[in-house]
**Student:** 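Before I ask anything, here is the structure I am working with.
Quick note: numbers below take in every heavy atom, side chains included, and nothing from hydrogens, waters or symmetry partners.
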Amino acid sequence: MTGGGGPRGRPARSRWGRPTGRDAVAGFMTGLFSIPEGMAYASIGGFAAPLGLWSGVVPTIVGSLFARTVLMVTTLTSAIALSSQSVLAAAGLDPGDLGAVATLTVLVGVVMLVLGLLRLGSVMAFVSTAVMTGFTVGIALQIIAGVVKDATGYAPEHANTLGKIIEAIAHLAEWDWTAVLVTAITIAVWLVFHAVRWTRALATLIALLLVTVGAAVLRIDVERVSDIAAVPRSLPPFTLPDPSAIPALAGGAVAIALVALAQAAGIGSTVRNPDGSRPDASKDFTAQGLANVAGGLFGALPTGGSLSRTGVAQSAGAQSRWAGVFAGVWLAVIVLIVGPWVGEIPMAVIGGLLFVIGGELIVGRIRDIRVVARTSWLSAAVMVITFAATTAMPLQYAIFLGAGLSILVTAVAVSSTGRIIEFARRDDGSWDLRDAPTVLESGRTTVLAYTGAGLFSEVNRLADQWPDASEAHDAAIVFVLRGWVGVPSATFMRGLDEQVGALRERDIAVVLAGVPERLRDALLRNHDLRELGEHNVLAATPVLLESLDRAYAEAERVRALPGPPPAPGEPRD
């Protein structure tokens with residue numbers, strides 16, 4: 001007998017594993033990358049740049065410690081930043097109000113914690129690929145539109161995302177060509193280093209450093225980060241939430257949590273754990289909830305799993321969750337050492353990098369766009385509507401609209417799959433599958449089977465598929481319900497009751513076979529189904545077709561009795 005170790009006597013591994021040198025290096029690279037990206041994301045949301053930095057410290061450390069997708073880096077993303085801006089604006093709150101920001105972040109964390117503790121990882125099924133594709137492409141255009149002023153010097157006044165881009169192009173003569181030049185050089189430098197395998201993961205950081213140093217040496221007159229907000233040389237400040245802001249932010253917090261969790265779910269499904277353990281979406285929800293509750297108390301914006309930061313850590317050789325912990329620690333150390341120098345970064349550099357980020361988001365979704373478009377016109381319509389909503393309305397409403405449309409489309413698709421088929425018995429006792437007959441045949445037992453989800457919306461379609469029994473005599477029906485997989489529906493059971501009643505009025509016996517336990521319990525306690533007797537409702541068994549054979553034998557026996565079939569409760573022989 002083995003001891004308390006792991007499989008085959010190996011010693012049990014610590015829940016958190018052991019940090020390695022490669023984790024420390026990967027964490028350093030991720031922490032460096034978090035400086036430009038964190039500030040850029042905070043800027044596109046209209047927040048002070050330091051909030052983007054602080055969002056990569058406490059949330060990243062806490063999220064990495066508890067996530068089941070061990071390499072996932074929890075921090076600020078573009079979609080979360082824009083969603084947070086939208087929620088605060090809808091609530092009439094200032095993005096510069098740290099108390100309101102802390103309240104929003106903590107509320108997002110509470111929503112995530114509740115979903116995680118209730119094991120509701122499956123909630124992400126309601127945010128379909130079509131919805132997330134339209135949402136992400138819309139977010140990408142919002143990113144680009146949001147930095148038009150930084151990249152060109154022209155500030156569009158149009159409220160709509162596409163309108164901003166069109167307006168900026170229409171006012172080409174008013175662009176600041178010095179800012180445009182810095183933006184173009186930033187993009188060019190990124191393209192050069194991104195094309196080289198060894199520097200690809202650091203292309204953003206290299207472009208940031210090279211162009212910033214070049215602009216400083218050449219004394220190029222462009223707007224800088226310090227012109228907008230000072231970057232302090234300090235650790236994240238302790239911040240108390242503002243309880244009075246809770247009512248205004250509660251609904252938006254749910255939307256932000258869904259956006260963040262949807263992004264994280266994508267990471268969990270694509271990034272494998274190096275230790276071979278399985279990811280768990282619900283436990284990742286809990287980890288991100290803890291990260292936001294803790295981060296909200298230390299100056300962080302709402303956070304979630306970041307695909308770009310996770311990719312940096314992975315490409316830099318991360319071996320365990322400690323890479324994320326190191327990333328948060330290194331970022332704090334770097335800010336303490338060079339914090340004020342960050343203010344020298346030109347806003348045109350950040351604008352250029354965000355153009356790149358927006359473009360990467362769109363390019364990364366091209367395959368999904370094709371898949372959705374080729375799947376069905378309904379999925380394509382959901383994608384286009386979600387995209388349009390994302391560019392024209394507050395993001396929290398756009399994600400809810402998209403999820404609602406996705407659920408509606410799914411319900412319509414599922415309802416159209418329900419059908420009735422016939423099991424035709426062969427001479428050797430086996431069964432053939434056929435389309436349901438249009439007319440019920442006399443002098444025999446007909447076996448019909450239902451496949452579908454038991455949705456109330458299927459009832460009218462299924463009623464049309466029942467065979468016409470008006471001329472049938474000396475007949476019986478076995479109705480197989482093993483294919484029923486849904487939640488008991490009162491409308492579905494009422495429709496079944498009407499069909500059974502109509503058949504019994506014509507002296508046609510009915511036996512239900514393969515009835516799942518939940519449906520059987522609902523049928524037998526429902527007084528509307530009085531036309532059935534308990535002996536005519538045969539539960540599904542582990543043996544395939546066993547209940548069907550028993551039901552067929554019972555229907556044949558009853559059909560052979562003289563006179564009409566016995567009523568429920570009457571003697572059977």
Side-chain angles (χ1 to χ4, degrees), residues 41 44-47 51 55 59 76-118 120-128 131-132 134-136 138-139 142 159 161 239-265 282 285-286 288-293 295-297 300-305 382 385-408:
Y41 289 159
I44 65 172
F47 300 99
L51 293 180
S55 298
L76 182 64
T77 70
S78 57
I80 296 174
L82 287 168
S83 298
S84 300
Q85 177 198 44
S86 183
V87 168
L88 287 168
L93 297 172
D94 182 4
D97 182 348
L98 293 184
V101 171
T103 303
L104 179 60
T105 304
V106 171
L107 283 175
V108 170
V110 170
V111 172
M112 292 175 166
L113 271 176
V114 170
L115 293 176
L117 294 175
L118 292 178
L120 294 179
S122 59
V123 74
M124 284 300 99
F126 294 114
V127 185
S128 66
V131 171
M132 281 310 298
F135 188 75
T136 302
I139 284 288
Q142 282 219 23
T161 298
T239 308
L240 288 174
D242 178 6
S244 65
I246 293 177
L249 296 175
V254 175
I256 295 172
L258 288 178
V259 172
L261 294 175
Q263 291 181 315
S282 294
F285 284 12
T286 302
Q288 291 171 86
L290 292 171
N292 276 283
V293 171
L297 301 177
L301 291 162
T303 56
V382 169
I385 292 172
T386 305
F387 166 76
T390 304
T391 61
M393 62 193 300
L395 293 181
Q396 69 271 27
Y397 302 142
I399 193 68
F400 282 143
L401 173 64
L405 285 173
S406 185
I407 294 170
L408 179 61

**Student:** Would you compute the distance between atom CG of Leu104 and atom CD of Gln85 and round it to the nearest 0.5 angstrom?
**Tutor:** 12.0 Å

**Student:** OG1 of Thr105 to CG of Leu301: how many Å apart, nearest 0.5 Å?
**Tutor:** 5.5 Å

**Student:** Find the distance between CG (Asn292) and CD1 (Ile80) and round it off to the nearest 0.5 Å.
**Tutor:** 7.5 Å

**Student:** Using modelled atom types only, decide if a donor and an acceptor are shared between the side chain of Ser86 and the backbone of Leu82 within a distance under 3.5 Å.
**Tutor:**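 No: the side chain of Ser86 does not pair with the backbone of Leu82.
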
**Student:** Distance from Ile385 atom CD1 to Thr390 atom OG1, nearest 0.5 Å?
**Tutor:**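 Answer for the CD1-OG1 pair, Ile385 versus Thr390, is 11.5 Å.
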
**Student:** For residues 94-102, run the donor-acceptor check on the side chains, cut-off 3.5 Å, and write out each pair with its distance to 0.1 Å, sequence neighbours left out.
**Tutor:**
from	atom 1	to	atom 2	distance (Å)
Asp94	OD1	Gly96	N	2.9
Asp97	OD1	Gly99	N	3.1
Asp97	OD1	Ala100	N	3.3

**Student:** Show the nearest heavy-atom pair for residues Leu401 and Ala389, with the distance to one decimal.
**Tutor:** CD2-CB, 3.7 Å

**Student:** Over all heavy atoms of both residues, which pair between Val110 and Val293 is shortest? Give the atoms and the distance, please.
**Tutor:**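 Nearest heavy atoms, Val110 then Val293: N-CG2, 4.0 Å.
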
**Student:** Gln142 and Thr391: which non-hydrogen atoms are nearest, and at how many Å?
**Tutor:** NE2-CA, 4.4 Å

**Student:** Write down the atom of Gly116, the atom of Phe285, and the distance for their closest heavy-atom approach.
**Tutor:** CA-CB, 3.6 Å

**Student:** Is there side-chain contact between Met112 and Leu115, with at least one heavy-atom pair below 4.5 Å?
**Tutor:**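 Answer no - side chains too far apart.
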
**Student:** Can you tell me how far the CZ atom of Phe47 sits from the CG atom of Leu88, to the nearest 0.5 Å?
**Tutor:**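 One gets 5.0 Å once the value is rounded to the nearest 0.5 Å.
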
**Student:** Tell me if a side-chain donor or acceptor on Gln288 pairs with a main-chain N or O of Leu261 at a distance below 3.5 Å.
**Tutor:**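 Not a single qualifying donor-acceptor pair exists.
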
**Student:** Looking at every heavy atom in both Leu297 and Pro241, which two are closest together, and how far apart are they?
**Tutor:**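 Heavy atoms of Leu297 and Pro241 come nearest at CD2-CD, 3.8 Å.
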
**Student:** What heavy-atom pair brings Ser83 and Phe135 nearest, and what distance separates the two atoms?
**Tutor:** OG-CZ, 4.1 Å

